[in-house]
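Note that this is a predicted model, so its numbers are computed, not measured. Just so it is clear: chains get the letters A, B, ... in the order the sequence lines come, proteins before strands, and each one is counted from 1.
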Number of protein chains: 2
Amino acid sequence: METRKRADARRNEATLLDAAAAAFVEAGVDAPVRDIAARAGVGVATIYRHFPTRADLIVAVYRHQVEACAEAGPALLAEGGSPHAALGTWINLFVDFLVTKHGLAAALRSDDAAFDKLHAYFLDRLVPVCAQLLDAAAEAGEINPGTDALELMFGVGNLCIGAENHPQYNARHMVALVIAGLRR
Amino acid sequence: METRKRADARRNEATLLDAAAAAFVEAGVDAPVRDIAARAGVGVATIYRHFPTRADLIVAVYRHQVEACAEAGPALLAEGGSPHAALGTWINLFVDFLVTKHGLAAALRSDDAAFDKLHAYFLDRLVPVCAQLLDAAAEAGEINPGTDALELMFGVGNLCIGAENHPQYNARHMVALVIAGLRR
DNA sequence: TGGAAAACGGAACACGGTTCCGTATGTTCG
DNA sequence: CGAACATACGGAACCGTGTTCCGTTTTCCA
């Protein structure tokens, strides 16, 4: 069996997740480490012990939402509508997720090494789903084949940066153009 | 006449522009203030005296290139080809500019107040040009009207973030999709 | 040439991430 | 039950970067 963690450690981890989630809502995923620690009533080192990089913490906080998004892909395809429509709907789910998490899109695109894990997690989990949707649409002759799923996800992620500020900019409009541009 | 600046001040300003340009090429537009100062052989305060915010420095370094891009818009239209093609070519000029300036796209999208001037400068200078091209294409019936030039520029800028790293991502592919998506 | 005004340099400060280490607490075994 | 060990903790200390302050130097004009 795996070595059992100490009770206080498990308790602190849960407390930290709550505190981080709250801090992220208020101040974005760049919320200062000290703030999160203070909110949870622990020392800063405790955060680093449980989540060595900020990416680990972000992944832990949002893991279930990412899973839900990943699982929605095949479900949309199974509904039997047009694959292109399914792709569009799914991308919009992803956009909804990103734009409601202040700064997450910016963190995702960051090339800072600390965010490699975040990058890897999102890509590992979501790119295959996107690829599946792209393949289905290409097979149905609705879009031109040859678009790389990774590139598409990267681009959509980029389009979502700064969407929550700047009210003049609506990421969904640009994403819609991209989806339209895929059409054969 | 405007109050004449001291000779050493003018000299330092020119030196700083050179140093900053060099630093930007090597380390991107986020190059540490101290590095730029050291390169120019001046103290850090001298930078702040001449360019109160980083945005001022960036604008000063790239002003002529932005002007060139702005002037290319009407020129492309005047060449007599299809307005939609002109729009595509012009956007690609803009993309070329952004992706060769490490971190500039990221700075542009930043909502940090320090970059307001950078934002304003780019938008004031380039959005009208983009709008002109959009209008021409719409009038020619090549694209659907209703796309906001500001939104398009913002989106294209976002797509260029991180293009110079991540070799798997080519901003131009995504931009091409957006341009294609504009088509009626 | 003298002195006021302009400009300078670098030390000092602020702030956020990261690490270290002495202390406290949970756990296990006699 | 209680001692001893491992685990986890807190917060002070450290580092890098942007920003400001102030005593000193340079320019320029009278």
- Which word best sums up how the rings of A:Tyr62 and A:Phe97 line up, parallel for under 30°, tilted for 30 to 60°, or perpendicular for over 60°?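 Perpendicular: the ring planes of A:Tyr62 and A:Phe97 meet at over 60°.
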NZ/NE/NH1/NH2 to OD/OE distance under 4.0 Å, [X] and [Y]:
X        : Y        : answer
A:Arg172 : A:Asp96  : yes
A:Glu67  : A:Arg125 : yes
A:Glu13  : A:Arg49  : no

Nearest-Å distance, [atom1] ([X]) to [atom2] ([N])?
X        : N      : atom1 : atom2 : answer
B:Phe115 : D:dG18 : CZ    : C1'   : 11 Å
B:Tyr48  : D:dT20 : OH    : P     : 7 Å
A:Ile47  : C:dG17 : CD1   : P     : 9 Å
A:Asp112 : D:dT17 : CG    : P     : 13 Å
B:Leu57  : D:dT19 : CG    : P     : 12 Å
B:Asp56  : D:dG18 : CG    : P     : 15 Å

Can you tell me if the side-chain N/O atoms of [X] get under 4.0 Å from OP1 or OP2 in [N]?
X       : N     : value
A:His50 : D:dC9 : yes
B:Asn12 : C:dA7 : no
A:Thr46 : D:dA8 : no

- Task: Decide ring-ring contact (aromatic ring centres under 6.0 Å, His included) for B:Phe24 and B:His102; before the verdict, give the C-alpha distance in whole Å, the side-chain angles of both, and the deciding distance to 0.1 Å.
- Result: CA-CA 7 Å; B:Phe24 287 175; B:His102 190 81; over 10 Å; no
- Query: Touch check for B:Val44, heavy atoms < 4.0 angstrom, all strands: base, sugar-phosphate only, or nothing?
  - Reply: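 Base, at least one base heavy atom under 4.0 Å.
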- Message: Side chains of A:Asp56 and A:Thr53 only: does a donor on one sit below 3.5 Å from an acceptor on the other?
- Response: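 There is such a pair between these side chains.
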- Query: Have B:Asn165 and A:Asp111 got a donor and an acceptor in their side chains that come within less than 3.5 Å?
  - Reply: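 Short answer, yes.
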- What string of B, S and - do you get for nucleotides 20-30 of chain C 5' to 3' if you count protein non-hydrogen atoms under 4.0 Å? B----BSS---
- Position toward the 5' end of DNA chain D (nearest nucleotide), B:Val33 or A:Glu13: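 First, find each residue's nearest nucleotide; the 5'-ward one identifies A:Glu13.
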- Query: Quick one: the side chain of B:Arg34 and the base of D:dG18, do they pair up donor-acceptor inside 3.5 Å?
  - Reply: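 Answer is yes: a donor-acceptor pair is held.
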